[in-house]
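Atom set for the values below is all heavy atoms of this structure, side chains included, hydrogens, waters and symmetry mates excluded. Because the structure is predicted, anything quoted here is derived from the model rather than measured.
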Amino acid sequence: MPELPEVEVTRLSFANAIAGAGIESVRVGKPLRWPLDIGPERLVGQHVRAVRRRGKYLLLDLDDGILLMHLGMSGSLSFSRHGSAPGAHDHFDLVTSQGLLRLNDPRRFGAVVFVDNETTPQALKLLGKLGMEPLGSDFAVGAFHAGLKRRNSAIKQVLLGGQVVVGVGNIYACETLFLAGIRPTLKASRITRRQAERLHAATRDVLSRAVALGGSTLRDFSNAKGENGYFQLEAMVYGREGLPCKVCAAPVRLMRQGQRSTYWCGHCQKS
DNA sequence: AAAAGCCCCTGGATGC
DNA sequence: TGCATCCAGGGGCTTT
C-alpha cells in the first residue's frame, strides 16, 4: 500500500520526533528483502539527524551514513516512547533516546539498508535511476512530457515504472489517469502536450490531496503514530469495479496490465 | 536500452 | 469448519 503519499505521511509523522535522537540499540527480526550487512556497532552511538524521502524510500540521515528504509507492499513504521515486545511481523527495531522506531512488515518485501552516502554503488543502484519527484519543484510539464514521449509502453506502466516520475503506485496511477481523462493503455509515446499537462496537474493534485488525508488505508496502513488514512474514501475508480463511475455513472471497469489491476472508466477515459 | 515476465512472502477473501 | 485457490499497495532481476 505504501505509495508516495503513505511514505510521506509516515515520514511527517515521526521525522520531528526522532530528530536528534541517539541510537542505543538495534534489533533485527526475520530477513527482509536484503540483509542489513553491518553490525550494530556501526549504528549505536550515532544520531538521527533528519528523515528525508526519495520516491518510496525513506532516508534516515545519521552522523555518518544513511539508513535507507523501504516499506515494500505491506510495511509500516511506528515510533513510540515505550516499546512493547516485538510481534511476529516486527522485523526491525531502532531503539533511540527519544523512542522506538519499529518496522512491521508481514510480507517482508520491505528493506532496511545502510549506505555510507548516496553515491555508493548500492545507493546508486537503488536511487540512481529514479525519476522526478512529483511534489517537488523539479516536476515540470515540459520534462514530464519529454520523459513520457521516450517510452513505448502503456502510460499506466510508465507511471508505475518510476523512471519518469516516482512514487506513483497502482492506486494513484489509476486515480491520476482517471482525473486526466486518459486511457490507461495509451502508449506513453503518443501523449500530447495537452494530455501531459492534464496528467501533470492530476498527479500533483491526487498525491497532495492523498498526503493531506493521511494516505490510503486499504488493509492496515497507518502512520508512525498509528493513525489511519482516508484517501481511499475519495478514490474515483480504484477498487470500484462494477460500481457506477462517480462522474458519468457508467460501471467502473477492471483489466490487467503487467500482472496488476487497472481500474478505469471507459467513458471518462477515452483519449 | 527498453520492455515484459518472474519472483520474493504472508494473510485475507472467496469458493467448493 | 477445512482446504485450495486467487489476489494484494513494490520493484529488482533475468530474459527477450
Please, what dot-bracket string fits DNA chain B when only Watson-Crick and G-U pairs with both distances under 3.5 Å count, crossing ones use [ ] and pairs to another strand use |? .|||||||.|||||||

Starting at the 5' end of DNA chain B and moving along, which residue's nearest nucleotide shows up first, Arg150(A) or Arg107(A)? Arg150(A)

Starting at the 5' end of DNA chain B and moving along, which residue's nearest nucleotide shows up first, Gln157(A) or Lys129(A)? Lys129(A)

Inspect the contact between Arg209(A) and Glu175(A) and indicate whether a charged nitrogen and a carboxylate oxygen are less than 4.0 angstrom apart. no

According to the interplanar angle, ranging from 0 to 90°, do the rings of Phe144(A) and His200(A) count as parallel (below 30°), tilted (30 to 60°) or perpendicular (above 60°)? tilted

How long is the gap from NZ on Lys129(A) to CG on Leu124(A), to the nearest 0.5 Å? 11.0 Å

Is there a donor-acceptor pair closer than 3.5 Å between any side-chain N or O of His70(A) and the backbone N or O of Gly72(A)? yes

In this structure, would Val166(A) and Leu12(A) fall into the same cluster of hydrophobic residues linked by side-chain contacts under 4.5 Å? no

Residue pairs passing the side-chain hydrogen bond (donor to acceptor under 3.5 Å, both in side chains) test with at least one member in residues 237-250 of chain A, sequence neighbours excluded, are none

If you take all heavy atoms of Glu3(A) and Ile171(A), which pair is closest and at what distance? OE2-N, 2.9 Å

Can you name the side-chain hydrogen bond (donor to acceptor under 3.5 Å, both in side chains) partners of Asn228(A), sequence neighbours left out? none

dC9(B) to dT14(C) separation - P atoms, rounded to the nearest Å: 16 Å

Hits for salt bridge (charged side-chain N to carboxylate O under 4.0 Å, His left out) against Arg54(A), two or more places apart or cross-chain, chain-then-number order -> Glu133(A)

Mind checking Asp105(A) for me? I need base, sugar-phosphate or nothing, with any heavy atom below 4.0 Å counting as a touch. nothing

First and last nucleotide of DNA chain B touching chain A, 5' to 3', heavy-atom cut-off 4.0 Å? dA3(B) to dG11(B)

Would you give the length of the straight line joining atom CZ of Arg102(A) to atom CG of Asp90(A), rounded to the nearest 0.5 angstrom? 4.5 Å

Under 4.0 Å protein heavy-atom contacts per nucleotide of nucleotides 11-16 of chain C, with B for base, S for backbone only and - for none: BSS---

